[in-house]
2 protein chains.
Amino acid sequence: MNKEFYKLKTEIIKALANPTRLMIIDCLRNGEKTVSEIVEITGEEQSNVSKSLGILKSNGLIKDRKIGLNVFYSLKCGCLDDFFNCFDNVISENLKYQQELLDSYKGVK
Amino acid sequence: MNKEFYKLKTEIIKALANPTRLMIIDCLRNGEKTVSEIVEITGEEQSNVSKSLGILKSNGLIKDRKIGLNVFYSLKCGCLDDFFNCFDNVISENLKYQQELLDSYKGVK
DNA sequence: TTACTATATTGCAATTTTATCATATAGTAA
DNA sequence: TTACTATATGATAAAATTGCAATATAGTAA
């Protein structure tokens, strides 16, 4: 197996592996937004948001266009929808499992 | 936005944001494997592989069954295929963009 | 029991990531 | 020019993650 290829892929996944950056991706799913709109929606610090946008952009996940003082960001990759759905599935499966554990524990008592 | 939910999601994504763990996921895509098979295929240290499997399992991405001394691991979530395809897309788009940059630089010279 | 094999766990130093605060830049307007 | 606004960048300390080496566990076989 070529580890270098997996390292490359890991870089992109790491760009998503952060709550602030995930929130940004999610709020861009319903359209282009300026930095200050994202700051308001997410409730994160401006410098955090700006840095996060930089990371997402340099990994090819979002793009930007500047108009006057404003910078508008938007998703670059439609497949991020599948991505989100995938992890929603995993989370709900995990919860289901934990619920089953809890139920079987109750059954034993 | 509910940051706690995004933290939860981030945990799962982090589980994938590592080259060793990505290799493991990828090699499980064509069927169940024992730990030592995975060690051989990936070329990683046994303790690393074991730890990685633990992380993937506790995040609900893989499952295991024990037979004698062997533990067989397999994927738990079919949507990981989409996931992989998504990032392959992003990588090839990024490369395409870099190639264009390079070409336009050549054009200027 | 002992010896062996497959897998898991622990300890740890090095590296990476994080969030915050302060500051810098670029565009607009007067 | 000065003042203002939107966004980006730098420094830094705390926290999290990494991979390796050593050790532990559990199952098998003699």
Side-chain angles (χ1 to χ4, degrees), chain A residues 1-25 27-28 32-74, chain B residues 1-25 27-28 32-74:
Chain A
M1 289 185 114
N2 177 4
K3 191 162 183 179
E4 289 309 310
F5 172 68
Y6 290 95
K7 280 187 186 167
L8 200 60
K9 219 167 193 170
T10 299
E11 287 311 303
I12 297 171
I13 300 174
K14 274 186 184 170
L16 290 164
N18 170 281
T20 302
R21 299 195 292 268
L22 269 195
M23 282 196 286
I24 291 175
I25 292 286
C27 91
L28 291 180
E32 192 181 54
K33 303 240 177 342
T34 66
V35 178
S36 30
E37 285 172 328
I38 299 170
V39 167
E40 203 196 333
I41 294 171
T42 61
E44 293 294 308
E45 290 226 347
Q46 183 270 325
S47 67
N48 271 353
V49 169
S50 202
K51 220 177 281 181
S52 296
L53 287 165
I55 292 171
L56 291 170
K57 184 187 166 191
S58 69
N59 282 280
L61 296 167
I62 63 178
K63 61 190 177 192
D64 62 345
R65 62 191 185 102
K66 191 164 189 173
I67 298 183
L69 273 177
N70 295 296
V71 182
F72 291 82
Y73 282 92
S74 56
Chain B
M1 290 185 112
N2 177 3
K3 191 161 183 182
E4 288 310 309
F5 173 68
Y6 290 95
K7 280 187 186 166
L8 200 60
K9 220 165 193 172
T10 298
E11 287 311 302
I12 297 173
I13 299 174
K14 274 187 184 169
L16 291 163
N18 170 279
T20 302
R21 298 196 291 267
L22 269 194
M23 283 197 285
I24 292 176
I25 292 285
C27 91
L28 291 181
E32 192 181 55
K33 305 242 175 340
T34 67
V35 178
S36 32
E37 286 172 327
I38 298 170
V39 167
E40 203 194 334
I41 295 172
T42 61
E44 293 294 309
E45 291 230 343
Q46 183 270 324
S47 66
N48 275 352
V49 169
S50 201
K51 214 181 286 183
S52 296
L53 288 166
I55 292 170
L56 291 170
K57 185 186 167 193
S58 69
N59 281 281
L61 295 166
I62 62 177
K63 61 189 178 193
D64 62 345
R65 61 192 186 103
K66 192 163 190 174
I67 297 182
L69 273 178
N70 296 295
V71 181
F72 291 83
Y73 282 92
S74 56

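In what follows, chains are A, B, ... by sequence order, proteins preceding strands, each numbered from 1.
B/L22 has its side chain within reach of A/I13: a pair of non-hydrogen atoms, C-beta onward, lies under 4.5 Å apart. Looking at heavy atoms from C-beta onward, A/T10 lies in side-chain contact with A/K14 at the 4.5 angstrom threshold.
Rounding to whole angstrom units, CD1 of residue A/I24 and P of C/dA19 are separated by 11 Å. For the pair B/K51 NZ and D/dT17 P, the computed distance is 12 Å after rounding to whole Å.
Heavy-atom distances to DNA chain D give each of B/G68 and A/V49 a nearest nucleotide, and the one nearer the 5′ end belongs to A/V49. Mapped onto DNA chain C by nearest heavy atom, A/K14 and A/K66 fall at different nucleotides, with A/K14 at the one closer to the 5' end.
Atom CD1 in B/I55 sits 10.0 Å away from atom CD1 in B/I62 (nearest 0.5 Å). Residue B/K33 holds its NZ atom at 11.5 Å from OG1 of B/T42, rounded to the nearest 0.5 Å. Note: B/N18 CG to A/K7 NZ = 10.5 Å, rounded to the nearest 0.5 Å.
Pair assignment for C/dT7: D/dA24, on the basis of Watson-Crick or G-U wobble contacts that are both within less than 3.5 Å. Within the shown strands, C/dT1 is the pairing partner of D/dA30 under the Watson-Crick or G-U definition, both distances less than 3.5 Å.
Look at A/Y73 and you won't find any side-chain N or O under 4.0 angstrom from OP1 or OP2 of D/dA6. Taking side-chain N and O atoms only, A/N48 has no distance below 4.0 Å to OP1 or OP2 of C/dT18. Between D/dT17 and B/N18, no contact under 4.0 Å exists linking OP1 or OP2 to a side-chain N or O. An OP1 or OP2 oxygen of C/dT5 is reached within less than 4.0 angstrom by no side-chain nitrogen or oxygen of B/S36. For B/N70 and D/dT28, the shortest distance from a side-chain N or O to OP1 or OP2 is not below 4.0 Å.
Between the base of D/dA8 and the side chain of A/Q46 there is a donor-acceptor pair shorter than 3.5 Å.
If you check every strand for non-hydrogen atoms under 4.0 Å, A/S47 touches a base. B/F72 comes within contact range of no nucleotide atom at all, as no heavy-atom separation falls under 4.0 Å. The residue B/S50 sits close to a base: some heavy atom pair falls under 4.0 Å.
Comparing atom distances between the B/K3 side chain and each of D/dA8, C/dA19, C/dA26 picks out C/dA19 as nearest.
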